[in-house]
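Computed from a predicted model, the values in this text were never measured in an experiment. As a basis for the values below, the full set of heavy atoms in this structure was taken, side chains included, without hydrogen atoms, waters or symmetry mates. So you know, we letter chains A, B, ... as the sequences are listed, proteins then strands, and number each from 1.
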Amino acid sequence: MPHLDLQDVTVRFAPKRKPEVLALDRVSLAVEDNMFSVIVGPSGCGKSTLLRLVAGLQEPTSGRMLLDGAPIVGPSAERGMVFQSYTLFPWLTVRDNVMFGPKLKGQSAAEAGRIADELIAQVGLRGFEKSYPKELSGGMRQRVALARALANDPRILLMDEPFGALDSQTRQLMQELLLSIWQKHRKTVLFITHDIDEAIFLGDVVHVMTARPGRIKKSIPIDILRPRGIDTLTSEAFMSLKRQVLGLMHEEAVIADRG
Amino acid sequence: MAIRSVLAPKVEIPRSLYLGLGAASVAVILALWCLLTYGGITPPDFLAAPHLVVEAGIHRLSTGSLIDDTEASLTVILAGFFFASILSVPLGILMGSFKVVEALIEPITGFMRYIPVSALIPLLILWIGIGVEEKIMVIFLGTFFQQLILISDVSARVSKDLIDCSYTLGASRRQVIWRVLLPACMPGVMDNLRVTMGWAWTYLVVAELVAANSGLGYMILNAMRGLFTDVILLGVFTIGILGLITDMIFKFARRWLLPWSAEF
Ligand SMILES: Nc1ncnc2c1ncn2[C@@H]1O[C@H](COP(=O)(O)OP(=O)(O)OP(=O)(O)O)[C@@H](O)[C@H]1O
Ligand SMILES: [Mg+2]
């Protein structure tokens, strides 16, 4: 049984005084346990909508969504999410930000602190425990956001273009850091990006979406050995996968452009 | 063309130049004042000379009447502002984030914000008399509706992602309100309290227009009848200085209470 299972999920937005938008059209998607799944697709195809559905922040117009066989209703700490925008609580220090989830769960301050310290070390921010978010760079903020999501030990980690606002060097470092942490935790990850390099570099599988209304156009297994590093980016296997994804994306971009 | 010039938009200038320009503008006004009065261009009942204002100040300090008037005005301002804030902050935060509350209050605030407070004074006198309560009510009405609108805007601007993110961290609706929405609003609330405190001072003379027998506004209005321009100016300066002090208090309180937030 797949870990996360979406069956014929449709989302239709009916904004006031504007035409209806069919954002997702009967999307079916299965995500296996402990896999790193990536979704790529043209802008506006419904990637964020899909992730918000899984997070429980939004309800589908129709269709079924199951996590380990149980229907998804509403948001929960078992489905952690990292956003593209900076969402640290500005009034909390780095350590208190990471402790936010465990404390809500009723874990003792000592236990929450222990979890936080370990994760802060893993994301390479030891020494910044007492800093406020305003004192951190964009990359550091996203590392804290990752640590904060992991502190809840979620069953699935959802990431919506978490590195989208970062410069390309920082982005590459963040991808490597994310992989090294993932290697340790082996969480089920659903990661969204529109950067093809990022998708192939990170994923076990890349799902390419069609232009709006979004559907899964093709799922491509990424059989590049781990651990992956900077050399992966120039390897033959990487290049050939990139050509394939690029081709699929290009078709969709053309369709999207024609309206 | 040099874009680093001090005349280019948004270019930082040296602190010395900044302070120098500020001092210069004050000096020009003072010089103009001296020229008009000591130069005999304007008569004293049109504009009192600087030393007369200082003398009036010393005299009224020694008799204690300036202190009494200041105290009376401060009571009115602080009480009106306090009651307005204590209601507008929670209500504004709810209004900005809950459509239900917005729908309930919006028509009233939308209407009230355009009514000059002075237009309500006759009704206030009929309803609550001419005591200090009426004056407090003028300040209250002058600030409350403005605060409500500004603070509801602060609340509406709290990032949706921040709220959504809290849910995915396991927060309940209640916890999101108390632990996320409320602290997220605090910097904006402080900024707007500071701004509306300034507005409250501008309502002072209106509040003391009718049936007052003490207060800085009363002092100014009273002096007008005798063309005592020295006392009028003394009142104006006192209000200006007190306004400046309350503004500084808010500025430092914000820095002290909310060290985590970026300055505005
Ligand atoms: N709350 C909403 N109301 C109305 N329309 C919406 C809403 N949210 C999203 N949409 C529309 O649904 C479509 C999909 O949006 P979504 O944000 O999921 O796309 P995306 O793939 O994440 O895009 P991007 O790559 O730009 O982030 C878009 O056309 C968008 O305008
Ligand atoms: Mg998106």
Top contributor to chain B contacts, counting heavy-atom pairs under 4.5 Å, from A:K105, A:R148, A:M81, A:E78: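 Looking at each of A:K105, A:R148, A:M81, A:E78 in turn, A:R148 comes out on top.
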Top contributor to chain B contacts, counting heavy-atom pairs under 4.5 Å, from A:P90, A:G101, A:A55, A:G80: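 Most pairs with chain B among the choices: A:P90.
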Largest heavy-atom contact set with chain A, pairs under 4.5 Å, which of B:A184, B:P187, B:S172: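 Option with the greatest count: B:A184.
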Chain A interface, residue from B:P259, B:G170, B:P183 that has the most non-hydrogen pairs under 4.5 Å: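 So the answer, after comparing B:P259, B:G170, B:P183, is B:P183.
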Rounded to the nearest 0.5 Å, how far does [atom2] of [Y] lie from [atom1] of [X]?
{"X": "A:L92", "Y": "B:W260", "atom1": "CG", "atom2": "CH2", "result": "9.0 Å"}
{"X": "B:Q175", "Y": "A:K103", "atom1": "CD", "atom2": "NZ", "result": "12.5 Å"}
{"X": "A:F89", "Y": "B:R179", "atom1": "CZ", "atom2": "CZ", "result": "10.5 Å"}

Is it true that atom [atom1] of [X] has more than 12 heavy atoms of other residues, nucleotides or ligands lying nearer than 6.0 Å?
{"X": "A:H185", "atom1": "NE2", "answer": "yes"}
{"X": "B:K99", "atom1": "NZ", "answer": "no"}
{"X": "A:E59", "atom1": "CD", "answer": "no"}
{"X": "A:R186", "atom1": "CZ", "answer": "yes"}
{"X": "A:R141", "atom1": "CZ", "answer": "yes"}

Worked verdict on A:Y86 versus B:S159 for side chain to side chain contact (heavy atoms under 4.5 Å, CB included): CA-CA 10 Å; A:Y86 301 129; B:S159 139; over 6 Å; no
Shortest non-hydrogen contact from [X] to [Y]?
{"X": "A:W91", "Y": "B:V180", "result": "CH2-O, 3.4 Å"}
{"X": "B:T168", "Y": "A:N152", "result": "O-ND2, 4.4 Å"}
{"X": "A:R52", "Y": "B:D164", "result": "NH1-OD2, 2.9 Å"}

A:L158 portion near chain B, given a 4.5 angstrom heavy-atom threshold: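 Neither; nothing under 4.5 Å.
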Pair A:S85, B:D161: side-chain N/O donor-acceptor within cut-off below 3.5 Å: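 The answer is yes; a qualifying pair exists.
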